[in-house]
Amino acid sequence: MKIAVINQPLANRGDEAAHKAFIRAMSKAFPEYQIDVVFLCAEQELIDSIKTEAENVSYINIPRLRGFGRFEQIGFLSDNFEFSYLYPSLRKFHNLLKEYDRVVCAPGGMCMGGFSNWDHIWQLDVARRLEKPVFYWGRSIGPFSEESFKRKLFKKCSIRLLKYFSYISLRDKVSVDIARQIGVSADEIVDSAFLEVPTAKIPESILKDIGSEYVVFVPNSLTWHPRYKGIPQKRIDEFYLKIIKFLETKFAGKKIVMLPQTYKSVINDYEYFLKLKEMSGNKNIIVIDENQSSDIQQEIIKKSCLVIGARYHSVVFAINNEIPFVSLSYEHKMKGLLEVLNMTDRMIEIQDIFDDRTVELENSLNKIDFLVSGKLEKPSASEAREIVWNGFKRFTDKIKKFKIR
């Protein structure tokens with residue numbers, strides 16, 4: 001049997017961790033199957049950065065010219081999907097997918113919903129039109145908008161796909177609730193990174209910089225996100241600078257370590273963190289370079305005393321390594337994860353605090369102080385691991401037992 005894994009996100013250390021854990025688990029669950037991770041027009045350097053070595057796993061990248069995304073959208077907007085096959089790379093993807101017995105959508109973010117990623121649903125619709133069984137694993141979905149014709153069409157196409165899939169698992173409770181509202185049944189799991197606790201050796205140069213006692217702080221510039229497009233960056237920066245000032249006081253003498261989640265991306269965490277360091281004037285801030293793998297990032301978190309994270313996977317990494325954390329929840333996937341794990345008491349909802357609401361912003365800072373001063377206990381990762389592994393077993397059983405319609 002041949003399995004194609006499609007729609008793997010790149011340039012994000014959290015998605016890298018989910019990929020590695022998921023593909024390692026897949027290769028062990030299906031040692032007799034060929035598993036190909038198929039990329040459509042991706043940068044080879046980014047693919048190489050997440051590759052997982054296993055005898056039955058291969059990585060295939062279909063090269064591109066410019067403008068393939070426009071062909072994908074026109075195929076949907078004109079109700080003439082075959083038009084997209086005029087683009088050579090898209091036609092190659094279509095022809096390649098014919099060779100597979102199962103299609104799996106790789107774990108990742110909210111491409112089907114908030115970000116309205118047409119490439120995401122285009123790849124899945126190719127599989128649907130080829131009548132391939134599709135298994136949608138470990139994603140978040142929603143929110144779906146109807147504010148324009150394109151948004152309405154995206155929602156319609158997404159729902160059609162969700163109702164076609166042979167199996168769906170979603171990694172947070174809010175996404176599961178959204179699925180139910182549109183009449184779709186989904187398996188409730190948690191992030192695929194919980195499938196393993198990796199070990200790695202932290203480079204000596206980094207160990208020298210961070211020392212033995214430090215806290216981890218992972219901000220998020222946010223203005224790249226549709227929800228925060230109209231928010232002045234200055235207002236968001238000021239919030240993080242106040243958190244840095246709090247950490248300076250609360251953990252006097254300790255280093256503040258920042259871990260960039262994005263890399264080789266237009267959303268540049270590394271440069272943003274350096275900017276915050278300069279603005280704060282705090283010489284105890286150590287910004288880890290963006291080239292360190294997700295395994296090394298988890299090892300750094302494993303040795304920290306606290307994580308404050310405005311990135312989803314910084315919170316996942318903290319739980320996975322059982323380190324006290326405060327989640328600055330900027331979208332529903334963070335809230336949904338913590339709801340599943342009954343850890344919402346460690347969450348501060350920040351989705352609305354930047355809408356010129358000074359009182360709410362100050363309340364959020366006070367809550368961080370309250371949580372940290374209360375000596376947060378170490379979270380247990382056992383429930384998360386049990387949930388994701390039980391879901392993974394149901395997923396693999398479905399793949400093995402599925403009968404073609």
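At least one side-chain heavy atom of Phe395 sits less than 4.5 Å from a side-chain heavy atom of Phe135. In this structure, the side chains of Val307 and Val215 stay at 4.5 Å or more apart for every pair of heavy atoms. Within the 4.5 Å cutoff, side-chain heavy atoms of Ser327 are placed close to those of Leu338. The shortest distance between side-chain heavy atoms of Val38 and Tyr100 falls below 4.5 Å.
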Report the C-alpha distance between Asp237 and Tyr272 in whole Å, list the side-chain angles of each, state the deciding distance to 0.1 Å, and finish with yes or no for side chain to side chain donor-acceptor pair (under 3.5 Å).
CA-CA 10 Å; Asp237 295 348; Tyr272 181 61; 2.5 Å; yes
Worked verdict on Gln44 versus Asp48 for side chain to side chain donor-acceptor pair (under 3.5 Å)
CA-CA 6 Å; Gln44 190 61 45; Asp48 292 341; 3.0 Å; yes
Can you list the steps and then say if Glu43 with Lys264 is a salt bridge (charged side-chain N to carboxylate O under 4.0 Å, His left out)?
CA-CA 10 Å; Glu43 291 184 33; Lys264 303 185 190 306; over 6 Å; no
Assess whether side chain to side chain donor-acceptor pair (under 3.5 Å) is satisfied between Asn56 and Gln34, documenting all intermediate values.
CA-CA 5 Å; Asn56 60 332; Gln34 175 61 37; over 6 Å; no
From CA spacing to verdict: salt bridge (charged side-chain N to carboxylate O under 4.0 Å, His left out), Arg139, Asp191
CA-CA 8 Å; Arg139 287 264 171 173; Asp191 196 84; over 6 Å; no
Quick one: do Glu248 and Asn284 satisfy side chain to side chain donor-acceptor pair (under 3.5 Å)? Show the steps, please.
CA-CA 9 Å; Glu248 282 179 14; Asn284 272 337; over 6 Å; no
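For the salt bridge (Lys or Arg N to Asp or Glu O under 4.0 Å) test with Glu196, the passing option among Lys20, Arg385, Arg24, Lys28 is Arg24; the others fail.
Ring pair Phe317/His313 is tilted by interplanar angle, where 30° to 60° counts as tilted. Using cut-offs of 30° and 60° for the angle between ring planes, the Tyr59 and Phe39 rings count as parallel. Aromatic ring pairs are classed by plane angle as parallel below 30°, tilted from 30° to 60° and perpendicular above 60°; the pair Phe154 and Trp118 is perpendicular. Trp122 and Phe81 have parallel rings, their planes meeting at less than 30° on a 0 to 90° scale where 60° marks the start of perpendicular. Under the 30°/60° scheme for interplanar angles, the aromatic rings of Phe83 and Phe71 are found to lie parallel.
Salt-bridge formation is not detected for the pair Asp397/Arg394: no Lys NZ or Arg NE/NH1/NH2 atom is positioned less than 4.0 Å from an Asp or Glu carboxylate oxygen. Look at Lys275 and Glu278 and you find no salt bridge, because none of the NZ, NE, NH1 or NH2 atoms lies under 4.0 Å from a carboxylate O. The residues Glu213 and Lys254 are annotated as salt-bridged, a charged nitrogen and a carboxylate oxygen being separated by less than 4.0 angstrom. Remark: Asp209 does not engage Lys255 in a salt bridge, criterion side-chain N to carboxylate O under 4.0 Å. At a threshold of 4.0 Å, the pair Asp101-Lys132 does not count as salt-bridged, since none of the basic side-chain nitrogens sits closer than that to a carboxylate oxygen. No salt bridge links Lys201 with Glu299; every basic N to acidic carboxylate O contact stays at or beyond 4.0 Å.
A side-chain donor-acceptor contact under 3.5 Å links Gln297 to the backbone of Pro260. Distance alone, capped at 3.5 Å, is enough to place a donor-acceptor pair between the Arg102 side chain and the Ile399 backbone. Judged purely by atom type and a 3.5 angstrom limit, Ser329 has no side-chain atom pairing as donor or acceptor with the backbone of Glu331. Not one N or O on the side chain of Arg235 forms a donor-acceptor pair closer than 3.5 Å with the backbone of Ile353. Put simply, the side chain of Arg13 gets close to the backbone of Glu290: a donor and an acceptor are under 3.5 Å apart. A donor-acceptor contact shorter than 3.5 Å is absent between the side chain of Lys250 and the backbone of Val372. Side-chain atoms of His120 never come within 3.5 Å of backbone atoms of Met110 as a donor-acceptor pair (strictly under, hydrogens ignored). Checking side-chain atoms of Ser148 against main-chain N and O of Arg151 turns up a donor-acceptor pair under 3.5 Å. Remark: side-chain polar atoms of Thr249 are paired, donor with acceptor, to backbone N or O of Lys245 under 3.5 angstrom. For Arg91 (side chain) and Tyr85 (main-chain N/O), a donor-acceptor pair under 3.5 Å exists by modelled atom type.
With hydrogens and angles left out, the side-chain atoms of Asn12 and Thr262 include no donor and acceptor closer than 3.5 Å. Side chains of Gln123 and Glu72: no donor on one and acceptor on the other come within 3.5 Å. Side-chain contact of Tyr263 with Ser49: a donor-acceptor pair under 3.5 Å is present, judged by distance alone. Between the side chains of Thr223 and Ser221, no donor N or O sits under 3.5 Å from an acceptor N or O. Defined by atom type and a distance below 3.5 Å, a donor-acceptor pair is present between the side-chain atoms of Gln298 and Asn321.
Under a cut-off of 6.0 angstrom, the local environment of CD in Glu53 is sparse, with at most 12 non-hydrogen atoms contributed by other residues, nucleotides or ligands. Counting heavy-atom neighbours within 6.0 Å of Lys393 NZ, excluding the residue itself, gives a total of 12 or less. In the displayed structure, Glu377 atom CD is contacted under 6.0 Å by at most 12 heavy atoms of other residues, nucleotides or ligands.
With sequence neighbours left out, the side chain to side chain contact (heavy atoms under 4.5 Å, CB included) criterion links Leu77 to Gln73, Phe149, Lys150, Leu153.
Geometrically, Lys333 engages Tyr312 in a cation-pi contact, judged by NZ or CZ lying under 6.0 Å from the ring centre and within 45° of the ring axis. The cationic group of Lys398 does not satisfy the cation-pi geometry with Tyr167, failing either the under 6.0 Å distance to the six-membered ring centre or the 45° limit from the ring axis.
A distance of 6.0 Å or more separates the ring centres of Phe22 and His19.
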